[in-house]
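The next block holds one structure in the form of structure tokens; read it before the comments.
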Amino acid sequence: MTTLQAGGLCQRIGGRTVLDEVSLSVGPGEILGLIGPNGAGKSTLVRALLGQSRPDRGAVLLGGQPVRSLSARACARQIAYVPQRPPDGFPVTVFDTCLLGRTPYMGTRPRAGDIAVVESVLDRLDLAGLAFRTMDALSGGERQRVMLARALAQQTPLIVLDEPTSALDIGNQLATLRLLADEVRVRGVGVIVAIHDLSLAARFSTRIALLHEGRLVAEGPWKTALTPQTIRQTYGVEAEIGQLRDAPVIAPFEVRA
Ligand code: ADP
Ligand code: MG
């Protein structure tokens, strides 16, 4: 299985420091919850981890190799990516969109095995009924779940998701996190998920990375990374942290003046 490691990432965009000495890693069997306010640098970090951008300093290693030295195909066999904004509707069917997840393995055309993988993922995500609908005829939440399906069809050892639940109702949010937890448990994948819901993040992540103004201000088990102090420091919010049925509940109460 593959490990993704980032060391000392620094990036300036438009004269501002957006990533400041960020180091983290994720390996098999782990879910790293990437948390932080709007503009903290989560998506910028994700793009650097995927080799889509070149940080000013620092390195990203995928399976021990610099991620930017790998071909797009080699990279796509190791990491699947669910972007923050699914492409706005385009007239491609849900089925063909998921089939794109198989391109790192395909020659000029899909084989029976590729079709079978897509069918099984669509069934698993309860999307089979939409298979021949085009993406431009879906709701935002449906499109987001198709992007997740495409990532699962890629069958990679690592999955990086940028706010995959932002357009989902509470049932689908929970189902998405459960599905990721299953992938981790059953297939031993490693997951990095940027997410705003602190309760879900705490409940499902094996570790939390809390990003603020481009810096990693806390990293570790949720109980140490997400405290009233770190939440106040990063979000400027007074939060209460409790437990219901053994699951952490983190409730924001007041915005500090
Ligand atoms: P997050 O995903 O945590 O909300 P981003 O990584 O998208 O944050 O953005 C981090 C910061 O970098 C923000 O202040 C954003 O405005 C800025 N930024 C990101 N991309 C660009 C860009 N292409 N040009 C200028 N500023 C950018
Ligand atoms: Mg973002």
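Computation of the quantities below employed the complete heavy-atom set of this structure, encompassing side-chain atoms and omitting hydrogens, waters and symmetry-equivalent molecules. Atoms within each ligand, like the ligands themselves, are counted from 1 in listed order. Here the structure is a predicted model, which is why all the values come from computation and not from measurement.
With Leu161 as the fixed residue, the side chain to side chain contact (heavy atoms under 4.5 Å, CB included) test singles out one of Ile31, Leu34, Leu180: Leu180. When Leu174, Ile250, Leu198 are each tested for a side chain to side chain contact (heavy atoms under 4.5 Å, CB included) with Arg203, only one passes: Leu174. Here the options are Thr97, Leu130, Leu127, the test is side chain to side chain contact (heavy atoms under 4.5 Å, CB included), and the partner is Leu138; only Leu130 passes.
Any N or O atom pair closer than 3.5 Å counts here, and Leu45 shares no such pair with ligand 1.
Within the structure, ligand 1 has Gly41 among the residues with a heavy atom less than 4.0 angstrom away.
Heavy-atom contacts of Asn38 reach the following atoms of ligand 1: 4 (O) (cutoff under 4.0 Å). Within the listing of ligand 1, atoms 10 (C), 11 (C), 12 (O) sit less than 4.0 angstrom from a heavy atom of Val18. The contact set between ligand 1 and Arg16, taken as ligand atoms under 4.0 Å from a residue heavy atom, comprises 14 (O).
Within a 4.0 Å radius of atom 22 (C) of ligand 1, the protein has at least one heavy atom.
The closest protein non-hydrogen atom to atom 18 (N) of ligand 1 is Ile13 CD1, 4.3 Å. Here the protein heavy atom with the shortest distance to atom 7 (O) of ligand 1 is Ser43 CB, 3.6 Å. Ranking the protein heavy atoms by distance from atom 4 (O) of ligand 1 puts Gly39 N, 2.7 Å first.
Residues Ile241 and Pro248 form no side-chain contact, since every pair of their non-hydrogen atoms from C-beta on lies 4.5 Å or further apart.
Look at Thr44 and the Mg ion (ligand 2): no N/O/S atom of the residue is under 2.8 Å from the metal. At least one N/O/S atom of Gln84, from backbone or side chain, sits under 2.8 Å from the Mg ion (ligand 2).
Under 4.0 Å from ligand 1, heavy atoms of Thr44 appear from its side chain as well as its backbone.
The pair Arg57-Glu21 meets the salt-bridge criterion, with a side-chain N (NZ, NE, NH1 or NH2) lying under 4.0 Å from an Asp/Glu carboxylate O. In summary, Arg185 and Asp182 engage in a salt bridge, as defined by a charged side-chain N under 4.0 Å from a carboxylate O.
Between the side chains of His196 and Glu163, at least one donor N or O lies within less than 3.5 Å of an accepting N or O.
Follow the hydrophobic side-chain contacts under 4.5 Å out from Val82 and you reach Val94 in the same cluster.
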